[in-house]
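Residue numbers start from 1 in every chain, and the chains themselves are labelled A, B, ... in the order their sequence lines are given, proteins ahead of strands.
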2 protein chains.
Amino acid sequence: MSSTNSYLADVLKSMAQATRLKIVEFLRDGERCVCEIFPAIDEEQSNTSRHLAYMQTHGILSRRKEGVKIYYAVKHPEVFEIVDRATAIVKREVEMRSELINVMERG
Amino acid sequence: MSSTNSYLADVLKSMAQATRLKIVEFLRDGERCVCEIFPAIDEEQSNTSRHLAYMQTHGILSRRKEGVKIYYAVKHPEVFEIVDRATAIVKREVEMRSELINVMERG
DNA sequence: TTCTTATATGACTATACAATCATATATGCC
DNA sequence: GGCATATATGATTGTATAGTCATATAAGAA
């Protein structure tokens with residue numbers, strides 16, 4: 001299923017980037033419009049717009065139009081679960097590495 | 001915590017690529033040496049070696065030397081959980097899109 | 001219709017990434 | 001030491017990606 005793998009990779013890529021992670025974090029509280037998102041994550045409007053489009057195209061964000069404003073939201077709860085598990089990995093890695101440093105310092 | 005975001009992104013990037021996903025899938029059954037991995041996933045030895053190094057550097061694979069052979073294994077169970085959740089997203093997306101096509105075909 | 005605000009996009013630059021080929025290094029065996 | 005096998009890496013190429021700036025488009029308000 002290598003074609004499936006390519007869709008899988010695209011979904012994961014939609015989260016595997018610092019700016020996009022900031023967007024996902026900000027959307028934990030629910031739907032937000034672009035004009036709220038880009039100041040909150042401290043990125044340019046155009047850059048934010050591109051990332052939002054990318055994430056929507058790859059199926060992890062929903063998009064809703066209301067007048068001039070466009071509201072984006074995280075579409076699948078698994079997105080947060082994935083970020084949380086990746087965070088757990090980072091945390092454990094940091095712990096493991098600092099333990100290793102302690103062991104080395106003791107000789 | 002934007003510096004944390006960058007580590008997080010790196011961990012997710014370690015899975016967000018078709019060849020690396022093939023490696024993760026193959027390692028579901030446990031530790032394997034490079035000489036078993038690259039024929040199984042049908043990639044060049046050198047390319048496989050680079051991806052394995054990348055994944056180990058970013059903390060998602062462990063590496064063990066035994067004679068000439070190097071054994072790699074998935075280090076954190078969360079890696080599989082992440083892939084499984086991403087798979088669930090892809091599956092749901094495919095379902096949603098095919099439903100949409102059905103609705104459109106009915107007018 | 002004109003102005004303002006919100007969002008998207010074209011053109012560009014710089015950087016990162018994946019893959020390949022050839023070669024280097026390491027280990028064990030004879 | 002010389003050879004075979006396993007793995008890693010340098011050099012290169014082509015492609016993808018992130019970010020920026022300027023501009024286009026769309027909607028609503030005056």
When all nucleic acid strands are considered with a 4.0 Å heavy-atom cut-off, which category describes A:Gln45: base, sugar-phosphate, or nothing? base
| Does the side chain of B:Gln17 get closer than 4.0 angstrom to OP1 or OP2 of C:dA19 through an N or O atom? | yes
Rounded to whole Å, the CG-C1' distance (A:Asp10 to D:dT17) equals 13 Å
Does D:dA18 have OP1 or OP2 sitting under 4.0 Å from an N or O in the side chain of A:Arg20?
yes
Between NZ of A:Lys69 and P of C:dT4 the distance, given in whole Å, is 18 Å
Here the distance between atom C1' of C:dA8 and atom CG of A:Leu61, to the nearest Å, is 16 Å
So, OP1 or OP2 of D:dG19: does either fall under 4.0 Å of a side-chain N or O from A:Thr19?
yes
Nearest heavy-atom approach of B:His58 to B:Ser14 is CB-OG, 3.2 Å
Terminal axes of the helix from C:dT1-D:dA30 to C:dC30-D:dG1 (5 end pairs apiece), angle rounded to 10 degrees, sit apart by 10°
To the nearest 0.5 Å, atom CG of A:Leu8 lies from atom CD1 of B:Ile82 at 12.0 Å
For B:Ala9 and A:Ala18 the tightest heavy-atom approach is CB-N, 3.8 Å
When rounded to the nearest 0.5 Å, the distance separating OG1 of B:Thr19 from CE of B:Met55 is 10.0 Å
Check your understanding: Is the phosphate of D:dA8, meaning OP1 or OP2, less than 4.0 Å from a side-chain N or O of B:Arg63?
Key -> yes
Protein heavy-atom contacts under 4.0 Å, written 5' to 3' over nucleotides 24-30 of chain C as B (base), S (sugar-phosphate only) or - (none), form the string --SBS--
Minimal heavy-atom distance between A:Ala16 and B:Lys13, with the atoms involved, is O-CE, 3.1 Å
- Are A:Val68 and A:Ile37 co-members of a hydrophobic cluster defined by side-chain heavy atoms under 4.5 Å apart? no
Smallest heavy-atom separation, A:Leu27 atom then A:Phe80 atom, equals O-CZ, 3.8 Å
Nearest-nucleotide check on DNA chain D, A:Arg50 vs A:Lys13; residue mapping nearer the 5' end is A:Lys13
Separation of D:dA8 atom P from B:Leu52 atom CG, nearest Å, is 7 Å
Nearest heavy-atom approach of B:Asp42 to B:Lys22 is O-NZ, 4.3 Å
Against the side chain of A:Asn47, the closest entry in D:dT20, C:dC21, D:dT17 is D:dT20
Rounded to the nearest 0.5 angstrom, the NE2-CG distance for A:His51 and A:Leu21 is 10.5 Å
When rounded to whole Å, the CE to P distance for the pair B:Met55 and C:dC17 reads 14 Å
Does A:His51 put a side-chain nitrogen or oxygen below 4.0 Å from OP1 or OP2 of D:dG19? yes
Of A:Glu43 and B:Val34, the one whose closest nucleotide on DNA chain D sits nearer the 5' end is B:Val34
From CD1 of A:Ile70 across to P of C:dT7 the rounded distance in Å is 7 Å
In whole angstroms, the gap separating P of D:dG19 from CZ of A:Phe38 amounts to 15 Å
**Prompt:** Under 4.0 Å: is that the gap between some side-chain N or O of B:Tyr72 and OP1 or OP2 of D:dA8?
**Reply:** yes
Taking every heavy atom of A:Lys75 against every heavy atom of A:Leu61, the minimum-distance pair comes out as CD-O, 3.9 Å
Separation of C:dA19 atom P from B:Asp42 atom CG, nearest Å, is 12 Å
